[in-house]
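One structure below.
Just so you know, residue 1 is the first one in the sequence shown, and it goes up from there.
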Amino acid sequence: MEYRIVSTILWIVWHLVFRIETIGREKMKGLKQYILCPNHISAADPLFIVLARVWEPQMLTLGKEELFTIHPFVSWFFKKMGVIPVHRGKGDTEAIDHCIKDVKNGKGLLIFPEGTRSKDGKLKKPKSGAFVVAAAAEAVLVPCRIIYHAGKPKLFSKVTIVYGEPLSCSELGLLPEEKNAAVLRNAKNWLMEQWETLYLNNTTEEQRNQIEQLQIKENNNGNN
């Protein structure tokens, strides 16, 4: 109940300060036992993703443990939003096992396969974690592309969230308890191709040039 109340309030506020467009949401309608795999540009990405599908059942999200040490209210907020703290770099198998179990039981899980934000807006090669978790949970992988038309989240700017076609781990050859480097590499390439296709199919050449220039400008400002 608290999740519904908090997320609904945020949905209203978020749509007042951003022009949010969601494409392909019907592809996730009623979907269970899935791993949602967006690209990662901003710290605000999880909020955009969660609020874009606020009317669907709550999904889990992995978040770094530092988020839970900022303030008690912030910690409470993240817990209510389904964020599971992960001790990065410490082999936090307990949190991962928790997620695998929940996904097997029909939950959805949000993971950013790139592992960290892209500072220049360019796609980073996915890491293995999302695919290993998906294989262990025998889940469906859903590619997702976040497009910031201002280069990054800016008040009153347009943000597009695009969902791709779900694909099961078995179709990708990802099997539980079996680690095959070639299969894993192919799965990573598949996701990269999906991200790129979602971007190209939902932007014009003029928009892409403008976004690229804005990202270059932001990156240069960040280096000064």
Side-chain angles (χ1 to χ4, degrees), residues 23-41 45-46 48-50 52-53 56-64 82-118 122-147 161-202:
I23 300 173
R25 183 164 42 196
E26 69 280 357
K27 296 172 183 176
M28 292 196 66
K29 188 69 175 178
L31 194 63
K32 296 181 179 180
Q33 202 169 335
Y34 66 86
I35 308 290
L36 183 58
C37 301
N39 60 310
H40 201 8
I41 296 176
D45 292 346
F48 279 105
I49 295 296
V50 170
R53 54 176 308 285
E56 294 295 319
Q58 184 180 13
M59 64 181 172
L60 303 172
T61 305
L62 291 175
K64 56 184 180 181
V83 180
I84 298 174
V86 176
H87 307 285
R88 297 195 303 177
K90 300 178 183 178
D92 192 352
T93 58
E94 184 177 347
I96 300 301
D97 289 344
H98 178 190
C99 289
I100 291 172
K101 180 180 178 180
D102 282 347
V103 173
K104 277 188 173 182
N105 289 331
K107 284 274 191 178
L109 174 64
L110 169 63
I111 296 181
F112 291 94
E114 292 166 289
T116 185
R117 286 173 282 167
S118 171
K122 295 181 180 179
L123 295 175
K124 300 169 71 71
K125 190 75 173 178
K127 297 185 182 297
S128 301
F131 303 99
V132 172
V133 171
E138 300 177 74
V140 171
L141 288 160
V142 184
C144 177
R145 184 72 190 246
I146 306 172
I147 304 170
I161 300 165
V162 192
Y163 299 104
E165 294 291 342
L167 191 66
S168 68
C169 283
S170 58
E171 291 177 285
L172 282 169
L174 294 168
L175 304 175
E177 308 300 330
E178 183 178 325
K179 295 181 180 179
N180 185 305
V183 170
L184 191 57
R185 184 167 57 252
N186 290 337
K188 292 179 181 180
N189 290 336
W190 166 81
L191 183 57
M192 288 283 287
E193 290 169 2
Q194 291 297 306
W195 281 339
E196 189 62 28
T197 299
L198 293 175
Y199 184 58
L200 293 175
N201 288 349
N202 294 280

Q. Would you say E114's side chain and H40's backbone share a donor-acceptor pair under 3.5 angstrom?
A. yes
**Q.** Nearest-0.5 Å distance that lies between atom CD1 in I146 and atom CH2 in W195
**A.** 10.0 Å
Q: List the atom of R25, the atom of A52, and the distance in Å for their closest heavy-atom pair.
A: NH1-O, 2.8 Å
**Q.** V133 vs V103, side chain to side chain contact (heavy atoms under 4.5 Å, CB included): CA-CA, chis, key distance, verdict
**A.** CA-CA 9 Å; V133 171; V103 173; 5.6 Å; no
**Q.** Distance (rounded to the nearest 0.5 Å) between L198 CG and I23 CD1
**A.** 9.5 Å
Q. Once you round to the nearest 0.5 Å, how far does OH of Y163 lie from CD1 of I49?
A. 5.5 Å
Q | 4.5 Å side-chain heavy-atom contact, L191 and P113 | A | yes
Q) To the nearest 0.5 Å, how far apart are NZ in K124 and CG in N39? A) 12.5 Å
Q: Evaluate side chain to side chain contact (heavy atoms under 4.5 Å, CB included) for M28 paired with E56, printing each intermediate quantity in order.
A: CA-CA 9 Å; M28 292 196 66; E56 294 295 319; 5.8 Å; no
Q | Full working for side chain to side chain contact (heavy atoms under 4.5 Å, CB included) between S118 and L123 | A | CA-CA 7 Å; S118 171; L123 295 175; over 6 Å; no
Q: Using a 4.5 Å cut-off on heavy atoms from C-beta on, say whether the side chain of I147 contacts that of V162.
A: yes
Q) Would F131 and V183 count as a side chain to side chain contact (heavy atoms under 4.5 Å, CB included) if you check the C-alpha gap in whole Å, the side-chain angles of each, and the deciding distance to 0.1 Å? A) CA-CA 10 Å; F131 303 99; V183 170; over 6 Å; no
Q: Mind listing the closest non-hydrogen atom pair of L31 and V142 along with its distance?
A: CD2-CG2, 3.6 Å
Q) Rounded to the nearest 0.5 Å, how far apart are CD of E94 and CD1 of I84? A) 10.5 Å
Q.
Tell me if the NZ atom of K125 is crowded by more than 12 foreign heavy atoms within 6.0 Å.
A. yes
Q | K104 backbone acceptor or donor facing E138 side chain under 3.5 Å | A | no
Q | Separation of W190 CH2 from L167 CG (nearest 0.5 Å) | A | 5.0 Å
Q) Side-chain donor-acceptor pair under 3.5 Å between N105 and K32, yes or no? A) no
(Q) Do M59 and V50 make a side-chain contact, defined as non-hydrogen atoms from C-beta onward lying under 4.5 Å apart? (A) yes
Q) Under 6.0 Å from the NZ atom of K188, do we count more than 12 heavy atoms belonging to anything else shown? A) yes
Q | Closest heavy-atom pair and its distance - A135, L174 | A | CB-CB, 4.0 Å
